[in-house]
Structures are given as C-alpha cells and as structure tokens.
Amino acid sequence: MTSGGDAPGMNAAIRGVVRSAVFNNLDVFGVYRGYDGLIEGDIVEMNVRSVARILGRGGTMLKSARSKDFMTKEGRRKALKQLRDLEIDALITIGGNGTFTGAHILHQESGFPVIGVPGTIDNDLYGTDFTIGFDTAVNTVIEAVDKIRDTAISHNRLFFVEVMGRDSGFIALHAGMASGAIAIMLPEVEMSIDELVTVLRKSEQTKKTSSIVIVAEGDANGGAFDVARKVNEQYDEFETRVTVLGHIQRGGVPSANDRVLAGRLGVAAVEGLLQRKADTMAGVINHQVVFTPLEEAITRKAELNADVTRMSRILSI
Ligand code: F6P
C-alpha cells in the first residue's frame with residue numbers, strides 16, 4: 001500500500017515488495033488509495049507481471065490518499081476486517097510520518113504485523129539516511145533553479161525560490177547547495193531578514209549581479225513571498241521575483257538513487273516481516289539496511305547534517 005503524498009520511486013518500491021514476496025513464495029496483494037482503499041476493501045491480488053514497466057514511472061500505480069477515516073477507531077476496525085477477510089497476514093505501507101503513525105496505531109490496537117517503507121520527498125524520517133523520492137525532488141529543484149538562473153543573470157535580478165519539505169529543510173539545503181544559492185532559509189537554522197540582507201550586501205561588494213535565495217516552505221520568516229517582501233523593505237538594489245516550485249517537485253521519473261533505494265527497501269520490508277520485525281520501518285543507514293521501531297521513526301526528528309549546513313555557507317560566499 002502507498003499512502004500520504006506520492007513520491008518518485010514509490011512504484012519501484014511496490015515492485016520491490018511484489019517481486020520479493022513472489023521470490024519467497026508468498027501471496028501478495030495491492031491496496032489501492034492508501035488507508036481509504038483499505039477500509040473500503042479496494043484490494044487486488046498481484047503477481048510478478050503486475051509490476052512490469054513501472055520501475056521508471058513517477059507517482060504510484062496503487063494511488064494514494066491522506067485518509068481521515070483511518071484516524072478513527074471505526075475506520076481502523078473496518079480496515080482490519082478487510083485484511084482478515086482476505087486472510088492477509090501482514091501489511092507493508094510505503095509513505096511518510098502520517099502513514100506510519102496510522103500503521104503503528106493499527107499494530108498497537110490489534111497486534112497486526114505492519115512494516116513501513118520510507119517514501120516521501122521531504123527526507124524527514126528518523127531511521128534512514130534518505131527517503132525514497134528525496135533525491136529525485138532535489139534534482140527537479142536543481143533543474144528548475146538552473147533555468148531560473150538564466151533569467152536572473154540576464155536581468156540582474158534577485159530570485160526567491162520556495163521549495164517543499166513541510167517543516168524540514170532537507171530539500172532546501174541540498175538543492176540550495178547543489179544549485180549555488182547565495183542563501184538558504186531553513187526551518188531548522190534561524191536566519192533573520194537582517195542577516196539575509198547582510199549576506200546580499202556582501203555579495204554586491206564582490207560584484208555579484210544576480211542571486212538565488214532558496215526558501216524552505218517551513219521557514220520561520222514565512223514563504224518566499226513573505227521573505228521577498230520583508231527583504232525589499234530594507235534592500236532594493238535589485239529587482240526581485242518569486243517562484244514557488246510546488247508540486248512539480250513530487251512528480252517525474254525517479255532518479256537512479258531513488259530506484260535503487262526503493263528496490264532495496266521493498267525487498268528488505270518483506271524480509272523484515274519474514275524475520276518477525278513487525279512494527280518497524282526499513283531504512284538504509286551507512287549503506288546498511290536497518291529496522292527502526294515505528295514509534296521512534298515517527299516521534300524522533302531527522303536532523304540536518306550540521307557539517308553540510310556549515311559548508312553550504314562557505315560555498316555560497
Ligand atoms: O510531504 C510531501 C509534501 O509534498 C510536502 O513537502 C508538502 O508540504 C505537502 O506534501 C503538500 O501536500 P499536498 O500535496 O497534500 O498539498
């Protein structure tokens with residue numbers, strides 16, 4: 001099952017689960033539309049061929065939803081009944097924090113074996129170095145910023161580009177670093193408007209004629225429009241423009257890194273269930289597959305690497 005916001009590589013993860021299940025002589029079913037589909041019994045039997053030609057496709061062939069009904073006890077009771085009626089022994093959920101919270105509660109209430117596969121562009125899950133979809137989303141942002149830079153340079157403009165990530169700054173940090181942003185506004189590391197203006201003035205002294213500021217959507221100063229307005233109140237050397245990248249960051253062909261990660265985690269999830277590692281999330285830490293209790297994965301925060309943050313400042317001078 002895929003649930004929550006879709007992410008590039010979810011299909012590769014579905015393929016990994018299905019192929020690994022078949023390899024281990026298990027029957028495997030796909031649940032459509034996340035927990036909503038589970039509650040309604042929108043479930044089909046799958047086989048090796050059901051996942052042919054999906055490896056390189058964005059989105060999720062099983063569709064996804066942010067289910068309100070599954071947050072209720074009644075919703076979870078109905079979902080459990082569907083699973084038991086089909087004699088399903090375990091559930092693999094591919095998604096993010098909300099998805100795993102639901103899976104963890106289901107397990108706590110009923111003992112039903114669940115295992116999570118981290119699929120979200122936000123990279124905000126504790127228990128894995130990277131989540132499926134993050135690498136592709138960062139590459140999408142870089143491609144867009146490279147294009148925006150052509151206009152910034154041609155017109156001597158200052159651009160504020162807002163990227164996704166909810167309350168995490170992973171996309172902003174990595175995309176900002178990889179696209180040569182002059183400043184990166186992150187929810188985790190406070191940067192006041194005054195500080196940002198100081199950075200911009202300094203860059204002027206080194207004859208910079210255009211700049212890109214990456215603003216994480218969860219930044220404390222507000223979105224990119226707010227930051228641009230506040231900067232303009234005290235700094236108007238450059239004409240400014242704002243671009244909010246939005247959902248283009250969630251779509252597209254998954255990168256090689258995401259496909260490999262998704263394949264590994266899909267296989268790992270099935271193997272984890274066979275080894276009775278229920279109520280955990282399969283992740284990759286330091287290149288090794290690791291199973292983290294769902295409780296920890298949903299309550300602990302994935303921290304930005306402080307050294308990467310420090311170095312991004314050096315690179316942007
Ligand atoms: O969690 C993925 C994400 O794309 C976040 O980065 C963003 O804040 C949110 O989902 C947007 O959600 P929706 O697609 O429901 O508007």
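We count ligands from 1, going down the list as the structure has it; atoms in each ligand are counted the same way.
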*Hey, looking at atom 6 (O) of ligand 1, which of Asp122, Asp124, Asp167, Ile171 has the closest heavy atom?*
Asp122
_Which of the ligand 1 atoms, numbered from 1, are nearer than 4.0 Å to a heavy atom of Glu217_ = 5 (C), 6 (O), 7 (C), 8 (O)
_Closest protein heavy atom to atom 3 (C) of ligand 1, given as residue, atom name and distance to 0.1 Å_ = Arg250 NH1, 3.4 Å
_Structural part of Arg66 in contact with ligand 1, heavy atom criterion under 4.0 angstrom_ = side chain
*Can you tell me if CD on Gln108 sees more than 12 non-hydrogen neighbours from other groups inside 6.0 Å?*
yes
*Flag Ile121 as yes when one of its N or O atoms lies below 3.5 Å from any N or O atom of ligand 1, and as no otherwise.*
no
*Do me a favour and list the nearest non-hydrogen protein atom to atom 9 (C) of ligand 1 with residue, atom name and distance?*
Arg166 NH2, 3.6 Å
*Mind checking the CG-CG spacing from Asn123 to Leu173? Nearest 0.5 Å is all I need.*
10.5 Å
*Evaluate salt bridge (charged side-chain N to carboxylate O under 4.0 Å, His left out) for Glu239 paired with Arg241, printing each intermediate quantity in order.*
CA-CA 7 Å; Glu239 209 181 327; Arg241 291 288 188 273; 2.9 Å; yes
_Once you measure the plane-to-plane angle for Phe130 and Phe134, does it fall in the parallel (<30°), tilted (30-60°) or perpendicular (>60°) bin?_
parallel
*Considering the heavy atoms of Gly165, write down every atom of ligand 1 situated less than 4.0 Å from one of them.*
6 (O)
*asked:* Closer than 3.5 angstrom, by distance alone: can the side chain of Thr131 be matched with the main-chain N or O of Thr120 as a donor-acceptor pair?
replied: yes
*Kindly check if the number of other-residue, nucleotide or ligand heavy atoms within 6.0 Å of CG (Asn156) is above 12?*
yes
*asked:* Could you tell me, atom by atom, which parts of ligand 1 come under 4.0 Å of a heavy atom of His247?
replied: 13 (P), 14 (O), 16 (O)
